[in-house]
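The sequence lines fix the lettering, A, B, ..., with proteins before strands; numbering per chain opens at 1. Because the structure is a prediction, the values reported are computed rather than measured.
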Amino acid sequence: MKKSFDIITPQEYKKLEKRLEIVYGYGFTPFGRSILAFTKQGVCFLAFEEDEEKLLYELEKTWQKAYLVRDDEKVHEYLKNIFLHKTKVNMFVKGTNFQINVWRALLSIPDAAVTTYQDIANSINKPKAVRAVASAIGSNNIAYLIPCHRVIAKSGAMSGYRWGIDRKKIILAYEALNEIDENE
DNA sequence: CTCCTACTCCTGC
DNA sequence: GCAGGAGTAGGAG
């Protein structure tokens, strides 16, 4: 269940002289309209939102040095692989050590399972850093592939989701249904 | 340094 | 049940 994960730190990214080439595009997913972007190394951005301008703005904010090339066709292939064929794809992320540790912990949550912010904090040996864990989860730029939707509050409340609580509920319900299908 | 946060716990309605 | 306060660690500027 290892997904490969190329990492760049914010410092390294700042020092980049050559502009990073990023291919992006829009497409539909089971969870609504989305933007997906990728580099040679893998998917570097995936977000849900109906408004394309907002999506593009978020992408630009995250990868400010990038040279963006639009290619909806390639993006549709990616979306099909991810949401239809459930293929594992490579990812390329920018983050601090702490964020990377948190995101790795998210990747080890089994499909359709749910965990809590406290559990994630425990699993990276920082049981007191619950709040920091939550903010690291909230800064994840690759929706769905890094399954931040599987983390809820200890109280059982859905808590927050960058792309809307309702969407979090829908994704969890969808995963639960798929699980039932596979067990039949 | 200051301010913020997708948390959690405790208290007092 | 809900509201407010404190503790808390990390990130951004």
Notebook entry, point to check: Hey, mind stepping through A/R104 and A/I124 against side-chain contact (heavy atoms from CB on, under 4.5 Å) and telling me if it holds?
Noted result: CA-CA 9 Å; A/R104 272 193 207 293; A/I124 58 169; over 6 Å; no
Note to self: Assess the residue pair A/E60 and A/L68 against the criterion (side-chain contact (heavy atoms from CB on, under 4.5 Å)); give the C-alpha distance rounded to whole Å, side-chain angles, the decisive distance to 0.1 Å, and a yes or no.
What the structure shows: CA-CA 9 Å; A/E60 283 173 339; A/L68 297 177; 3.8 Å; yes
Check: So A/I171 and A/F48, side-chain contact (heavy atoms from CB on, under 4.5 Å) or not? Walk me through it.
Finding: CA-CA 12 Å; A/I171 297 174; A/F48 303 115; 4.1 Å; yes
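Shown for residues 132-140 of chain A: residues whose heavy atoms fall under 4.0 angstrom of DNA chain B, namely A/A134, A/S135, A/I137, A/G138. Interface residues of residues 51-64 of chain A facing DNA chain B, ordered by number: none; criterion, heavy-atom separation under 4.0 Å.
In this structure, the side chains of A/I120 and A/T115 come closer than 4.5 Å at one or more pairs of heavy atoms.
Between A/W63 and A/F92, the distance separating the two ring centers is shorter than 6.0 angstrom.
The two residues A/G25 and A/D72 have their closest heavy-atom pair at CA-OD1, 3.1 Å. Scanning both residues, A/D51 and A/E49, for their nearest heavy atoms gives N-OE2, 3.0 Å. A/R150 approaches A/I109 most closely through the heavy-atom pair NH1-O, 3.2 Å. Minimum interatomic distance between A/Q99 and A/S139 (heavy atoms only, all atoms of both residues): NE2-OG, 3.3 Å. Across all non-hydrogen atoms, the minimal contact from A/P127 to A/Q118 is O-NE2, 3.0 Å. Minimum interatomic distance between A/A132 and A/F98 (heavy atoms only, all atoms of both residues): O-CE2, 3.6 Å.
For A/K54, the NZ atom counts as loosely surrounded, since its 6.0 Å shell holds 12 or fewer non-hydrogen atoms of other residues, nucleotides or ligands. Within a 6.0 Å radius of CG in A/N97, other residues, nucleotides and ligands contribute 12 heavy atoms or fewer.
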Item checked: Watson-Crick or G-U pairs under 3.5 Å in DNA chain C, rendered as dot-bracket with [ ] for crossing pairs and | for another strand -> |||||||.|||||
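When DNA chain C is scanned 5' to 3' for any atom under 4.0 Å from a heavy atom of chain A, the first and last hits are C/dG7 to C/dG11.
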Throw together a table of side-chain donor-acceptor distances under 3.5 angstrom for residues 31-45 of chain A, partners on residues two or more places apart or in other chains.
| from | atom 1 | to | atom 2 | distance (Å) |
| --- | --- | --- | --- | --- |
| A/R33 | NE | A/E52 | OE2 | 3.1 |
| A/R33 | NH2 | A/E52 | OE2 | 2.5 |
| A/S34 | OG | A/G27 | O | 3.1 |
| A/T39 | OG1 | A/Q41 | N | 3.0 |
| A/T39 | OG1 | A/Q41 | OE1 | 2.9 |

Do any N or O atoms of the protein come closer than 3.5 Å to N or O atoms of nucleotides 8-13 of chain B, and which pairs are they?
| from | atom 1 | to | atom 2 | distance (Å) |
| --- | --- | --- | --- | --- |
| B/dT8 | OP1 | A/K154 | N | 3.2 |
| B/dT8 | OP2 | A/K154 | N | 3.0 |
| B/dC9 | OP1 | A/K154 | NZ | 3.0 |

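Atom-to-atom, CZ of A/F98 to C1' of B/dC7 comes out at 12 Å; the value is rounded to the nearest Å. At whole-Å resolution of the value, CE in A/M158 and P in B/dC7 are 14 Å apart.
Formation of a donor-acceptor pair under 3.5 Å by the A/Y144 side chain with backbone atoms of A/L46 is not found in this model.
Residue A/K128 is the one, among A/P10 and A/K128, whose nearest nucleotide of DNA chain C lies closer to the 5' end (criterion: closest heavy atom).
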